[in-house]
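Here is the structure we will look at.
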Amino acid sequence: IEAALRTIEKGAVQSGRTLDDLHIVLWTPTAIGDDSTEARDLVRAHVSRVAIRPLPAKVDPALETAIERIREKYNYYEHMNTEAAHADLVPDELVDLFALAGTPAECAQRLKEIESLGIDQVSIVLLSTTVISYVMYTLNSATAVQVGSEELAYSTAFVLYGVFRY
């Protein structure tokens, strides 16, 4: 999260703004349940999908070894399947870096930590909600004024691509 915030801050500075001028939303795999291990297991496949891509920052060398194993063993036929074999390769430390998972008390504590980093909102987004919300946002006249263009709706294709890619 800290690495992503540094990247966002650089972009904000280039546009004459600061992080305080932005509303920062964290979109993260989430599982909350009475059994912490079960909740963590539910997000491991999603975290493995994150790990096969370039990471936003360096990680502990011990985690680099785990990430290499995940990249070697990742099976796209089991993409996002919570019971995928490659999900078993995801250590708890990677879950902690890239997901919100655990008991309600554990997740509440983690949300406090996330908030202290400067995150304004944590979102759990469903596919249909994502696409519909984005289309509505792009068609809103206030959005056109804010971004300086009425052609933002054309970017919906990229949102669809991104959503269906995962």
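The shown structure was predicted, so the numbers you read here are calculated from the model rather than taken from an experiment.
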Study note, to complete from the structure: Interatomic distance, CG@Asp88 vs CG@Asp41, rounded to 0.5 Å, equals 7.5 Å
Check your understanding: For the hydrophobic clusters of this structure (ILVMFWY residues joined by side-chain heavy atoms under 4.5 Å, transitively), does one cluster hold both Val59 and Leu89?
Key -> yes
Check your understanding: In Å and rounded to the nearest 0.5 Å, what is the NZ to CD distance from Lys58 to Glu64?
Key -> 6.0 Å
Study note, to complete from the structure: For Gly102 and Cys107 the tightest heavy-atom approach is N-SG, 3.5 Å
Point to revise | Shortest non-hydrogen separation from Thr30 to Thr28 and the atoms involved | key: OG1-O, 3.0 Å
Review point. Are Arg110 and Glu113 close enough for a salt bridge, meaning some N to O gap below 4.0 Å?
Key: yes
**Study point:** Val95 side chain reached by Arg44 side chain, heavy atoms, under 4.5 Å
**Key:** yes
Practice item. Tell me, yes or no, whether the heavy-atom count around Asp34 atom CG, taken from other residues, nucleotides or ligands under 6.0 Å, exceeds 12. Key: no
Review point. With distance as the sole test, does His86 use its side chain to make a donor-acceptor pair with the main-chain N or O of Ile70 at under 3.5 Å?
Key: no
**Study point:** Carboxylate-amine/guanidinium proximity below 4.0 Å for Glu68 and Arg71
**Key:** yes
Review point. Has the side chain of Asn140 got a donor or acceptor atom that lies under 3.5 Å from a matching backbone atom of Tyr137?
Key: no
Check your understanding: At what distance, to the nearest 0.5 angstrom, does OH of Tyr74 lie from CZ of Arg53?
Key -> 7.0 Å
**Study point:** Minimum heavy-atom distance between Ile52 and Tyr76, given as atom pair plus value
**Key:** CD1-OH, 3.1 Å
**Study point:** Ion pair Arg40/Asp35, N-O distance below 4.0 Å
**Key:** no
**Study point:** Minimum heavy-atom distance between Ala85 and Glu78, given as atom pair plus value
**Key:** N-OE1, 3.2 Å
Revision key, fill the gap. CD1 of Ile67 to CG of Leu97, rounded to nearest 0.5 Å, is 8.0 Å
**Study point:** Gap between atom CG of Leu139 and atom CG of Leu152 - 0.5 Å precision
**Key:** 9.0 Å
Review point. Taking a hydrophobic cluster as the set of Ile, Leu, Val, Met, Phe, Trp and Tyr residues connected by side-chain heavy atoms closer than 4.5 Å, whether directly or through intermediates, do Leu19 and Leu117 fall within one such cluster?
Key: yes
Exercise for review: Mark yes or no for whether Asp120, through its side chain, and Val25, through its backbone, hold a donor-acceptor pair below 3.5 Å.
Suggested key: no
Practice item. Decide whether Leu55 and Val43 are clustered together by the hydrophobic rule: side chain heavy atoms of Ile, Leu, Val, Met, Phe, Trp, Tyr closer than 4.5 Å, transitively. Key: yes
**Study point:** Euclidean distance, Ile119 CD1 relative to His23 NE2, rounded to 0.5 Å
**Key:** 10.0 Å
Exercise for review: Search all heavy atoms of Thr138 against all heavy atoms of Val135 and return the closest pair with its distance.
Suggested key: OG1-O, 2.8 Å
Check your understanding: In terms of heavy-atom contacts, does CD of Gln121 have more than 12 from other residues, nucleotides or ligands at under 6.0 Å?
Key -> yes
Review point. If Ile, Leu, Val, Met, Phe, Trp and Tyr residues are connected whenever their side-chain heavy atoms lie under 4.5 Å apart, and connections chain through other members, are Ile32 and Leu111 in the same group?
Key: no
Revision key, fill the gap. Nearest heavy-atom contact between Ala39 and Ala31 is O-CB, 3.2 Å
**Study point:** Cluster check Leu22, Val122: I/L/V/M/F/W/Y, side chain < 4.5 angstrom
**Key:** yes
